[in-house]
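Treat the numbers as computed from the prediction; the structure is a model and nothing was measured.
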Amino acid sequence: MKNDNNSDNKIRRRKASSSNSSSQSPVRRSSSTRASSSSSSANSSRGSSSSSNGVRNSSSSVKRKRKVPSGRKKRKLSKIKVFGVTCLVLFVVGIAAVGGVTFSALRDVKPVTLADLNKRTYVTTTLLYSNGKKMSTAPSSNKKTPVPLSQMSPYLRKAIVAIEDERFYQHGGFDPKGLARSVVMRFFGKRQGGSTIPMQVSKMLLTSTEQTISRKIKDIYYAVEMDKKLKKDDILELYLNNFFVGKGLSGAEAGARGYFDKSAKDLTLAESALLAGSTKNPSKYSAYKSAKLDGSETKDDLNHRILTFVNTEDDDLDEPTETELKMVDKLYEWGLINEGTYKQAKSGSIVIRKAVNNPDAKERQETVLGKMKELGYITQKEYTEALAEEIVIKLPEDSQGISNSVEDLIESEVISALIEKGNTREEAENMYYNGGLIVNTTIDPKIQEAIEAEYKNSNNFPGNKLGPDGVLQPQSATVIIDYKTGQIKGLVGGRNISGRKTLNRATTPRQPGSTIKPLAIYTPAIDTMSITQATAFSDARGGYRFEENRKWNPKTTTAGGGSMSLRLGLAKSSNTVAVKVAELLGDSYEDCVDVMIDYLKNFGITSLADNKATSDSSNTDRRFPALTLGGLTYGVSPLEMATAYGALANGGQYIEPTIFTSIESFDNQSIVDSDPEKKRVVDPQVAYVMTDMLKAVITEGTAKKAALSNGMPTAGKTGTTNSSKEAWFVGYTPYYVGATYIADDAGVRDAEGKIVKTRNIGGGSTSSALLWKNIMSRIHKNLEKKDFDKPEGIYFTKINLQDGGTSSYGSNAAFIDGTSASRVTTAPSEEKKDNESTAAENQNNSSGNSGGNSGNSGNSNNNNNSNNNNNSGGNNQPPESNNGDNDGNTPPPDNGGDTGQDEQ
């Protein structure tokens, strides 16, 4: 039927044309016939011929009229209508979409008043304790200092208007021409701002820096409202008191003092243009950059141009050169740095740089000056003189106050969180210093006070003395965490903190010694379900499963005369037992290493030197000495160690540590909410058995001095390194987990630049256990005594600590359902006395740490590695050369890593 219809349609057209011709022909033929009867045959012949021509002419006439058929006209009109309707629909839909976005963006706008904007200008970022009380405010050295417009240079006011919003005094807050130009430029791939000064005030004080259409709509709305309700000078004053100029400086006054050490009212035309130019990209166009000292500088070159940076493992600063260290002497001689800065610079704990003029800023300044001249704000003479004026950078005197490690860590974590939200580093820093944020921290003031009180007591730190760099030694760090939430409740990163952003030892890795054993060895062993607390091992030297360990042949740190249950091996911190247990974690040496590294990573240890992907054997922790005895290449920070033990206390669930719960804006709008990572490391039953074993460390092993006086159940582990250079205790109660270490700072240099030997800690890990006890006793003073929560699937049986057999006497040990002791005891009924092996972990402490340098500055090879030990508290180098296993091929030394001196 389809074909028929199409054919029929064509036929109808032909019929229409044919019918029209036929209607004419009969008439003409009829007329010709009548004429033929009254005329001659010749005339008849002509008439016939004429009639024929008439038909052709008529047909031609019809064809000429059909050059634009009526049907085509209708179809053309139909297409125009469809196009018009489509455009109308798209226009309506577009209007509706814009209206919807606009409505959504403006539904929560607030009234615009000068009082509210001024209040936002003068706000200060506030840190709050976990109970809501004020802890402190953001550092004042970076804080903006608002001043009236009359106290700002008129050149600065003109420069800002010229380069930021030349039609500022003509438009009504929103400049359609400028915005249209911005859209066109973006279409061609070029970025050009279309925001007016009022819109930028909105972004700084009322909305945010996020790049969204919704925010842009709000900025336009607020800008129009400002123009209606505020004077132009009021808006300009708000802008000039809040605009960011780089280097953590906001506002005209802060910028003028931070770059030129003068008031904003005294800025020259050249300085004003330089400051105004920084607004386009404060990071690129800030007035100065830092540079190394090259030794050619004079006193005048460096006066008020000294910059200091804390030297840490995580920074990108080069280590000071010999030339720079010699310049430190000159700086001190010239009186440009004080004694404390001099000592820290010589010891390498801080790095000194100089401020130099930024060529990018100068280029941008010339653009600003050119625009000012173009608009008639300055004369040709003023323009020429300003171009020729030398810009002299003059930094103000350092007025940074003393803050504790907690505040420095909060600052660092908040800025990092703001960067993760999409802000640049400079935007995040500006928000922190000048944004009037409210930071709800996790710090409990009572717990923080308890830690700080014990750190003021020098009796807690054996061998207390002032180091050559002016820093008390030994140094120490403590972290207390609520392991059920991951919240850091208290933290101290050093003794006698003397300034801001000094080394935070709570977050700096140190060699952990035997505190690594529960995490890397004993938890994986219990998790196999084939090894229990009752499994017995020989604590004698030798008898190792793998050839690599037979070559290493670590010494015993216990009596070494018989067997030990797993429980007793951990309680006494036997190195030989630890290695033999670790050898059962896999089928091969590499398998066992993989298991230990996997568990440590799952416990949140991030500082491992794992070369599995790179196959770089010169810098690795993929070795038994490192993983079993804690002689790691870099070490572990007290914060990560506390978090890892907290996972055991929390039933095997790891929770990422946090130091703030939320970050809010000045008007209590949420900016960031803490969302810590959570993951299960082991089942609750495995974690509980480990807790039971760690309780034995205090009741039956090396950490009896850590027991709390109120009888609160406590689990934990001691740890020391070579010759007790570093002493640890990590432990937890049913409430909190805490990590404490004491050690001399490694890599410290004296005034002559020579490495100062680190000393052993008197009393070994007992000193750290006592400090931990003193702190925790304060914290738990008024807390209800309770035991650790026991999960289902756990039962207790008494075992003999030597052979691990079940017994009617001995220690009550926890077992997981489905596991049990493998024998009935055959050992003597009387347990071995503690004093038979109370030296425990450190009987052979002179024999080394098996994995990394714990600050043994006295070793003959120490000077080769010392340059990278600066202020780190640990070693950033591969293990000591005298350990004999730097290349991973030679056998490890004849020693263990954690020696545990005087742990009883």
Side-chain angles (χ1 to χ4, degrees), residues 511-531 535-557 560 564 566 569-570 573-603 605 607-636 681-682 847-852 878-898:
Q511 300 303 321
S514 282
T515 56
I516 201 171
K517 292 175 181 176
L519 308 175
I521 304 170
Y522 291 100
T523 297
I526 296 297
D527 206 13
T528 65
M529 298 292 285
S530 61
I531 300 175
T535 306
F537 294 85
S538 169
D539 70 331
R541 185 179 188 180
Y544 300 108
R545 178 184 178 195
F546 299 125
E547 181 181 357
E548 294 90 339
N549 291 337
R550 290 195 292 271
K551 290 179 179 179
W552 170 30
N553 196 24
K555 293 180 180 178
T556 179
T557 50
M564 280 188 175
L566 195 76
L570 175 60
S573 200
S574 168
N575 284 352
T576 48
V577 169
V579 173
K580 291 170 184 177
V581 175
E583 287 186 318
L584 298 181
L585 299 179
D587 294 331
S588 66
Y589 187 95
E590 281 301 316
D591 285 346
C592 296
V593 166
D594 282 341
V595 169
M596 288 188 281
I597 285 206
D598 285 347
Y599 273 82
L600 288 173
K601 288 182 176 179
N602 283 330
F603 275 119
I605 308 302
S607 50
L608 295 172
D610 183 3
N611 71 330
K612 189 170 185 178
T614 63
S615 299
D616 178 12
S617 59
S618 63
N619 190 30
T620 181
D621 287 331
R622 297 189 64 82
R623 304 172 302 108
F624 262 64
L627 298 172
T628 60
L629 307 185
L632 300 172
T633 302
Y634 302 114
V636 182
V681 182
V682 292
S847 58
N849 76 13
S850 81
E880 298 177 34
S881 60
N882 67 354
N883 281 349
D885 62 348
N886 284 0
D887 60 4
N889 296 321
T890 54
D894 181 20
N895 65 329
D898 179 8

- Message: Checking Asp527 now: which residues fulfil side chain to side chain donor-acceptor pair (under 3.5 Å) with it, not counting sequence neighbours?
- Response: Tyr599

- Item | Side-chain (Tyr544) to main-chain (Pro554) donor-acceptor, under 3.5 angstrom | yes

- Message: Donor-acceptor check, side chain of Asp621 to backbone of Asp610, threshold 3.5 angstrom: yes or no?
- Response: no

- Message: With a 3.5 Å distance limit and no angle check, can you tell me whether Arg550 reaches the backbone of Gly543 through a side-chain donor-acceptor pair?
- Response: no

- Query: Looking at CD1 of Ile597 and CG of Asn602, how far apart are the two atoms once the value is rounded to the nearest 0.5 Å?
  - Reply: 12.0 Å

- Ignoring hydrogens and geometry, is there a side-chain-to-backbone donor-acceptor pair from Asn575 to Thr556 under 3.5 Å? no

- Query: Which residues satisfy the side chain to side chain contact (heavy atoms under 4.5 Å, CB included) test with Pro518, sequence neighbours excluded?
  - Reply: Leu570, Tyr645, Met690, Leu694, Lys717

- Item | Spatial distance of atom CD1 (Ile531) from atom CG (Leu585) [nearest 0.5 Å] | 6.0 Å

- Query: Mind checking what makes salt bridge (Lys or Arg N to Asp or Glu O under 4.0 Å) contact with Asp594, not counting sequence neighbours?
  - Reply: Lys612, Arg622

- Would you please name every residue forming a side chain to side chain donor-acceptor pair (under 3.5 Å) with Thr576, sequence neighbours left out? Ser574

- Message: I want to check something: taking the side chain as every heavy atom from C-beta on, are Tyr589 and Glu547 in contact at a cut-off of under 4.5 Å?
- Response: no

- Return yes if a side-chain donor-acceptor contact under 3.5 Å exists between Asn549 and Lys580, otherwise no. no

